[in-house]
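Input: a single structure, listed below in structure tokens.
The chains referred to below are lettered A, B, ... by the order of the sequence lines, with proteins before strands, and numbering in each begins at 1.
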2 protein chains.
Amino acid sequence: MTTLPQPLTKGELVSLTPQHWRTRLEQAMQDEQQRMTRTRRLVLDWITAAEAPFSAETLVDDLTTRQGIISRPTIYRAVEWLRRTGWIGRIHHDGAEHTYARLLPGHYHHAVCTACGLTLVFGGCDLTQALLHTLVAHGFTVQGHLLELYGHCANCQQT
Amino acid sequence: MTTLPQPLTKGELVSLTPQHWRTRLEQAMQDEQQRMTRTRRLVLDWITAAEAPFSAETLVDDLTTRQGIISRPTIYRAVEWLRRTGWIGRIHHDGAEHTYARLLPGHYHHAVCTACGLTLVFGGCDLTQALLHTLVAHGFTVQGHLLELYGHCANCQQT
DNA sequence: GTCGTATTGATACGGAGTATCATAAAGCGA
DNA sequence: TCGCTTTATGATACTCCGTATCAATACGAC
């Protein structure tokens, strides 16, 4: 596992550090002339410090009480923006509310440790080429796909 | 594309007909001594006839008005039971409410035509073996994964 | 500082999904 | 077929996630 190259080559697997994520995100916000407001900084600080995949409501609970007044709609707007632009990814859970994990935009897939939130990012999707080929042979045109892996990282297995 | 063998061999790709799904489901309900009530029959009839992935609320709208009184909680109980036992699978959508498609229980993945709801089911997950191997080499234990493919089937591409 | 624009907060609303509990129906054994 | 036990259903009300609206505010370019 190395520091994150850009872009990921196919099949490569790296861990995404919070610091790296934050740096890249702030660069992107500058490039795209997104305003860095007080509120967004607080939200980004919180997400950068998050140690496990988080739910939007956790953010709301913390940021509306502790850090001064940040309204629920604003937090949801920030989260939705990050999700839409690919900086966080939604993790689906049966029944429970979904959670989010830090990601890099682009065509990546990810494996998330459900205990500590460690996010492994891997590039390309060679792994499904055989499947895609089979589908195409049946006349099926693939427009999108979703691949999420859940489990425990090396650290969290020991506990 | 053939009729559905049991069980699916790895990499095999077949379409799941509503009739086949219904037959297998009723067998399973008998085997597991699940009561076939009037309400469940109506719900199953509706799902069997569904031509595209459906939302729970669509079911509610149709079944509470047209088919006599079926209450919202009952419909949600039926849907949740089918999901939990693997007879329907949840399809995730950004923003919008999630939908469901007919599936067979077991370790399958699926490709769903977002236009007509045709569901292609494929068994095994050889396709991700290389990835799983890489993850294990990094000490990551995979507990679960989610692979969904969206697109258009041969029929729906022509329109 | 001033100004135009994007963002925020307050409020209230909508909608999906569920807890509760008395009633009704399914299925089984006699 | 009748009754009995168990399970499912319906009515009601409620919780909670997420969002529309819009006036007020903060950003940051000049």
Atom CG of A:Leu82 to atom P of C:dT7: distance rounded to whole Å?
-> 13 Å

Can you tell me how far C1' of C:dG9 sits from CG of A:Leu63, to the nearest Å?
-> 14 Å

Any [X] side-chain N or O less than 4.0 Å from OP1/OP2 of [N]:
X       : N      : answer
A:Gln34 : C:dT7  : yes
B:His98 : C:dG15 : no
A:Arg35 : D:dA26 : no

Taking the side chain of A:Ala56 as its heavy atoms from C-beta onward, which of C:dA26, C:dG9, D:dG18 lies nearest to it?
-> D:dG18

Are B:Leu44 and B:Leu82 close enough that some pair of their side-chain heavy atoms sits under 4.5 Å apart?
-> yes

Could you pick out which residue, B:Thr37 or A:Arg72, lies toward the 5' side of DNA chain C when each is mapped onto its nearest nucleotide?
-> A:Arg72

Which residue lies more 5' along DNA chain C, comparing A:Thr74 with B:Tyr76 via nearest heavy atoms | A:Thr74

Are the side chain of B:Trp87 and the backbone N or O of B:Arg24 linked by a donor-acceptor pair below 3.5 Å?
-> no

Between the base of C:dG9 and the side chain of A:Arg77, is there any donor-acceptor pair under 3.5 Å?
-> yes

Check against side chain to side chain contact (heavy atoms under 4.5 Å, CB included), A:Thr58 and A:Thr99 = CA-CA 10 Å; A:Thr58 315; A:Thr99 55; over 6 Å; no

Reference residue A:Arg22; test side chain to side chain donor-acceptor pair (under 3.5 Å); the match among A:Glu26, A:His20, A:Gln19 = A:Glu26

In terms of the nearest nucleotide of DNA chain D, which residue is placed more toward the 5' end: A:Glu57 or B:Thr39?
-> B:Thr39

